[in-house]
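Single-structure report; data block below.
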2 protein chains.
Amino acid sequence: MGEKDTFLIAVDGVVFTIAHHELQILLIQRDAEPFKGIHALPGGFLRKEEELEDTIKRKLYEEANIKDIFLKKLHPFGKKGRDPRGRVITIPYMALISSDKLEVKPRAKATAAGWFCVYHLPELAFDHKEIIEDSLHHLRFEVQSTNLAYQLLSDKFTLTELQQAYEIILNQKLDKRNFRKRLLALGIVKSTTHYKREGAHRPAQLYTFKDRQYSMLKEKINISFS
Amino acid sequence: MGEKDTFLIAVDGVVFTIAHHELQILLIQRDAEPFKGIHALPGGFLRKEEELEDTIKRKLYEEANIKDIFLKKLHPFGKKGRDPRGRVITIPYMALISSDKLEVKPRAKATAAGWFCVYHLPELAFDHKEIIEDSLHHLRFEVQSTNLAYQLLSDKFTLTELQQAYEIILNQKLDKRNFRKRLLALGIVKSTTHYKREGAHRPAQLYTFKDRQYSMLKEKINISFS
DNA sequence: CCAAAAGTGTTAGTGATACACCCATGT
DNA sequence: ACATGGGTGTATCACTAACACTTTTGG
């Protein structure tokens, strides 16, 4: 077992949030070569004693002050030329966070972290653009086949807020009546007795997710043959 | 960049085929510790100058004489205790091969390779059982949302053969008439002017895939809200 | 003429889409 | 009273699911 090649392993976080009616992603600005000054996904190298998830948690905390976040491992990127320093295999983690849990004050090393609209990304280091695109597809898929959206909203929310979240992620308008019918039919939200009153209009009823636990919607992913 | 930890990276092939009316998977028998004599997925360690895909291709060729195979990268497994020799991150590749392209005569190192029904697997080394389960889910999903099945059949085939392939993968009976309607509606196969005659019954028309190129079926993966 | 697999259509039900008006509130 | 966003129902259409008999061949 001694004569085998070994490699650096990185993890990268593709952290999505919704803010200012935009689907945003967290980027840091690199403070060292290569790509110094260029934006990149937060992440870092795996350490010997660490689990993969712990690495990404540690880096998200260090670089963006984010804790307790939903993470989903995606498939690795490992092409030879992807890091000019040498061979690095990176494992992306897709993550979602509610914007009201946010308080991204970059800590310590002060690599300026910031949120960027996914449709207007700056130039990116490494193959991070590709990684982000992959994650975005994944996010869109997940949001339609799981109850993942609960990660993006606070405990209580109006159906309009939820609809907007879906619209922003999928980047398309949805029909209000059909959206509500569908949600209730799927049984992923339930109404509360509380109302949100603000502005000169009828107060909106507040809803919660029945289940704040990642779960599959009934197997709707089916090209059924019978 | 010098003081970072480095790791062994393995790739494992989860190679499916259909034979004898079973969904089978390729396993080798380990010829060294750990897990000597126990069955495991074919695979090996990434080398410095190699792309990930080249490693898995090389190992599949060495260990099972398989070439030119469809490969899909899945998410990595990297828990600390998964390999008793030390930390290894493994990247599984799901693969599919038509059983008539097969001629698995284990080469050189003569690690006895063989095909096993996925529902009757022997004891497996490492976390390979978990990896196989993940791949199987993936396979079932892909087969319903892409034209991937073309990998499993020879150039010309009868619709009954194709249906059996689906039934075996999904592990459920399908309705003949609905299956055919659906396939033709999706436009993934087309008829040829040839027939397969065998046995004392009406000859079956032979079909081919319109497109022997991995492609998505029309985005049927949709919990639609509008 | 018998056995064996191929081939083919219709109906009922369910879910998707499209669409427009009244409601409750603050100012 | 008016402006603002909240809330609701119905009709059509498309797709899914269930189901049984006739055809062609070899022996």
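Chain A is the first sequence line, chain B the second, and so forth, proteins listed ahead of strands; every chain is numbered from 1.
Rounded to an integer number of Å, the gap from NZ of A:K196 to P of D:dG6 is 9 Å. Taking atom CD of A:Q205 as the reference point, atom P of D:dG5 lies 19 Å away to the nearest angstrom. The separation between A:L184 atom CG and D:dG7 atom P is 11 Å, rounded to whole Å. To the nearest angstrom, C1' of D:dC15 lies 8 Å from CZ of B:R182. Atom NE2 of B:H194 is separated from atom C1' of C:dA6 by 18 Å (rounded to the nearest Å).
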Dot-bracket summary - DNA chain C, pairs being Watson-Crick or G-U whose distances fall under 3.5 Å, with | when paired to another strand:
|||||||||||||||||||||||||||

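Under the salt bridge (Lys or Arg N to Asp or Glu O under 4.0 Å) criterion, A:K79 pairs with no residue, sequence neighbours left out. Residues satisfying the side chain to side chain contact (heavy atoms under 4.5 Å, CB included) criterion with B:L121, sequence neighbours excluded, are B:I25, B:L27, B:F116, B:L124, B:I132. Considering only residues two or more places apart in sequence or on other chains, A:T146 meets the side chain to side chain donor-acceptor pair (under 3.5 Å) condition with none of them. Take A:K190 and apply the side chain to side chain donor-acceptor pair (under 3.5 Å) test, not counting sequence neighbours, and it matches no residue. Remark: A:F126 pairs with A:F35, A:H128 by the ring pair (Phe, Tyr, Trp, His ring centres under 6.0 Å) rule, at least two apart or across chains. Under the rule for a side chain to side chain donor-acceptor pair (under 3.5 Å), A:E51 has no partner lying at least two apart in sequence or in another chain. Under the side chain to side chain donor-acceptor pair (under 3.5 Å) criterion, B:T90 pairs with B:D12, not counting sequence neighbours.
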Taking distance alone, no hydrogens or angles, what donor-acceptor pairs closer than 3.5 Å link side-chain atoms of residues 134-141 of chain B to residues at least two apart or in another chain?
unit_1: B:S135; atom_1: OG; unit_2: B:I131; atom_2: O; d: 2.9
unit_1: B:H137; atom_1: ND1; unit_2: B:E133; atom_2: O; d: 3.3
unit_1: B:R140; atom_1: NE; unit_2: B:I169; atom_2: O; d: 2.8
unit_1: B:R140; atom_1: NH2; unit_2: B:Y119; atom_2: OH; d: 2.7

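Of the residues in residues 156-163 of chain B, not one comes within less than 4.0 Å of DNA chain D through any heavy atom.
Looking at B:T17, its side chain does come within 3.5 Å of a backbone N or O of B:I97 through a donor-acceptor pair.
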Base versus backbone protein contacts along nucleotides 19-27 of chain C [heavy-atom cut-off under 4.0 Å; B, S, -]:
BB--BBBB-

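Residue A:E53 places its CD atom among more than 12 non-hydrogen atoms of other residues, nucleotides or ligands, all under 6.0 Å distant.
Phosphate contact (OP1/OP2 of C:dG7, side-chain N/O of B:R180, threshold under 4.0 Å): present.
Applying the ring pair (Phe, Tyr, Trp, His ring centres under 6.0 Å) test to every pair with at least one member in residues 193-212 of chain A, sequence neighbours left out, gives these pairs: A:F157-A:F209.
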